[in-house]
Participant: 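Below is the structure I would like to discuss, written out as structure tokens.
Computed from a predicted structure; not experimentally measured. Just so it is clear: chains get the letters A, B, ... in the order the sequence lines come, proteins before strands, and each one is counted from 1.
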Amino acid sequence: NAGVTQTPKFQVLKTGQSMTLQCAQDMNHNSMYWYRQDPGMGLRLIYYSASEGTTDKGEVPNGYNVSRLNKREFSLRLESAAPSQTSVYFCASSLNSGGSTDTQYFGPGTRLTVL
Amino acid sequence: SQQGEEDPQALSIQEGENATMNCSYKTSINNLQWYRQNSGRGLVHLILIRSNEREKHSGRLRVTLDTSKKSSSLLITASRAADTASYFCATDARGYSTLTFGKGTMLLVSP
């Protein structure tokens, strides 16, 4: 099992460009999450999906869109990248449809720089 | 806003010593989790403690929870260089299905 995979690992964009970050999990998990990690800020939740076909906003959703393509895949799209979106992006998944006892499993991250 | 806040922000110790990290949170919780992040990697779950538990052990890890003080501590005994990482607490607020992570404690264990 690969667990949670993310592509790409690194990306450099110019302001205004768009891109999609891909995430897939092979653990048959119901919930998936997108976080961003900035120095000194910890992890902040961007969007999450408690089950296939549903998505909800997290703490910092502005400037992002998501798609839960199927149970395995959850993508994050930046329509018009801004320097403030320079960050490390992590995808995570958990077995149940949310719930505070869920263990979250994280991908290796995507390091995004917006010039 | 951050639900959990770790203290200290950074901790440097020698191999064999114990490391203690603290987490304080603001609102009532159902559970609290601790995660570890090695440099440049994703987070890895360490342990979960429920609100009705006071202490939990897992190998060299000991977690305590004091709901009256809204705080938790993570103790790593007999630290090893491989324990060098950032450690995060994650909490839920009652009624919510997502976790809120603190800013983390960076632990450096020197040989």
Side-chain angles (χ1 to χ4, degrees), chain A residues 2-7 9-10 21 23-25 27 29-51 54-61 66 87-111, chain B residues 1-10 21 23-53 56 58 63 65 67 72 85-106:
Chain A
V4 179
T5 57
Q6 293 183 235
T7 56
K9 292 185 178 179
F10 301 93
L21 281 65
C23 174
Q25 52 89 10
M27 297 174 283
H29 284 176
N30 286 303
S31 295
M32 298 185 74
Y33 312 83
W34 276 107
Y35 294 91
R36 61 177 288 173
Q37 185 176 32
D38 303 294
M41 295 295 295
L43 274 76
R44 292 182 291 172
L45 182 64
I46 305 171
Y47 271 94
Y48 67 100
S49 170
S51 61
T54 68
T55 60
D56 286 285
K57 294 178 181 179
E59 182 184 354
V60 288
V66 290
S87 188
V88 181
Y89 292 84
F90 288 99
C91 178
S93 70
S94 65
L95 178 61
N96 298 307
S97 293
S100 59
T101 58
D102 262 8
T103 294
Q104 294 191 13
Y105 295 82
F106 284 78
T110 294
R111 283 144 187 82
Chain B
S1 62
Q2 298 289 343
Q3 164 74 327
E5 294 287 343
E6 292 89 347
D7 172 63
Q9 290 186 331
M21 289 156 270
C23 170
S24 59
Y25 55 91
K26 298 175 183 176
T27 61
S28 296
I29 61 171
N30 294 309
N31 307 283
L32 184 144
Q33 302 186 34
W34 284 91
Y35 286 77
R36 183 187 74 223
Q37 183 181 33
N38 291 92
S39 181
R41 302 284 189 93
L43 278 70
V44 175
H45 179 260
L46 293 176
I47 197 165
L48 177 150
I49 186 164
R50 301 175 189 274
S51 59
N52 62 354
E53 297 176 310
K56 202 162 182 181
S58 177
V63 169
L65 180 64
T67 53
S72 174
S86 291
Y87 292 82
F88 296 86
C89 67
T91 58
D92 64 328
R94 290 189 187 278
Y96 292 90
S97 60
T98 58
L99 295 176
T100 301
F101 288 83
K103 297 179 182 180
T105 292
M106 292 180 59

Participant: Using every non-hydrogen atom in the two residues, find where A/D102 and B/Q33 come nearest and quote the distance to one decimal.
Facilitator: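 Between these two residues, the closest heavy atoms are O-NE2, 2.8 Å.
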Participant: Would you say B/R41 has more than 12 foreign heavy atoms packed within less than 6.0 Å of its CZ?
Facilitator: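 Counting neighbours around CZ of B/R41, 12 or fewer heavy atoms of other residues, nucleotides or ligands fall under 6.0 Å, so no.
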Participant: Quick one: pull up OG1 in B/T98 and NZ in A/K57 and give me the separation to the nearest 0.5 Å.
Facilitator: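 Rounded to the nearest 0.5 Å, the OG1-NZ separation comes to 15.0 Å.
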Participant: By the salt bridge (Lys or Arg N to Asp or Glu O under 4.0 Å) test, which pairs, at least two apart or in different chains, include something from residues 29-40 of chain A?
Facilitator: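 Every pair satisfying salt bridge (Lys or Arg N to Asp or Glu O under 4.0 Å) with a residue in residues 29-40 of chain A: A/R36-A/D38, A/D38-A/R44.
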Participant: The criterion is ring-ring contact (aromatic ring centres under 6.0 Å, His included); which residues satisfy it with A/Y47, sequence neighbours excluded?
Facilitator: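 Checked A/Y47 against ring-ring contact (aromatic ring centres under 6.0 Å, His included); zero matches.
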Participant: Please find the pair of heavy atoms, one from A/Q104 and one from B/L99, that lie closest to each other, and give the distance.
Facilitator: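 Taking every non-hydrogen atom into account, NE2-CD1, 3.7 Å.
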Participant: Please indicate whether A/Y89 has more than 12 foreign heavy atoms, meaning atoms of other residues, nucleotides or ligands, lying under 6.0 Å from its OH.
Facilitator: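 More than 12 heavy atoms, drawn from other residues, nucleotides or ligands, come within 6.0 Å of this atom.
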Participant: Under 4.5 Å, counting heavy-atom pairs only, tell me which of B/G42, B/G104, B/A90 racks up the most with chain A.
Facilitator: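 If we count pairs closer than 4.5 Å to chain A, B/G42 comes out on top.
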Participant: For B/E53, I'd like to know if atom CD has over 12 heavy atoms of other residues, nucleotides or ligands within 6.0 Å.
Facilitator: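 Correct, the count exceeds 12.
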Participant: Side chain, backbone, both or neither: which part of B/Q37 has a heavy atom under 4.5 Å from chain A?
Facilitator: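 Answer is side chain: those atoms of B/Q37 sit under 4.5 Å from chain A.
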Participant: For the OH atom of A/Y35 and the CG atom of B/L43, what is their distance to the nearest 0.5 Å?
Facilitator: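 CG of B/L43 is found 9.0 Å from OH of A/Y35.
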Participant: May I have the step-by-step check of side chain to side chain contact (heavy atoms under 4.5 Å, CB included) for A/Q37 and B/F101, ending in yes or no?
Facilitator: CA-CA 10 Å; A/Q37 185 176 32; B/F101 288 83; over 6 Å; no
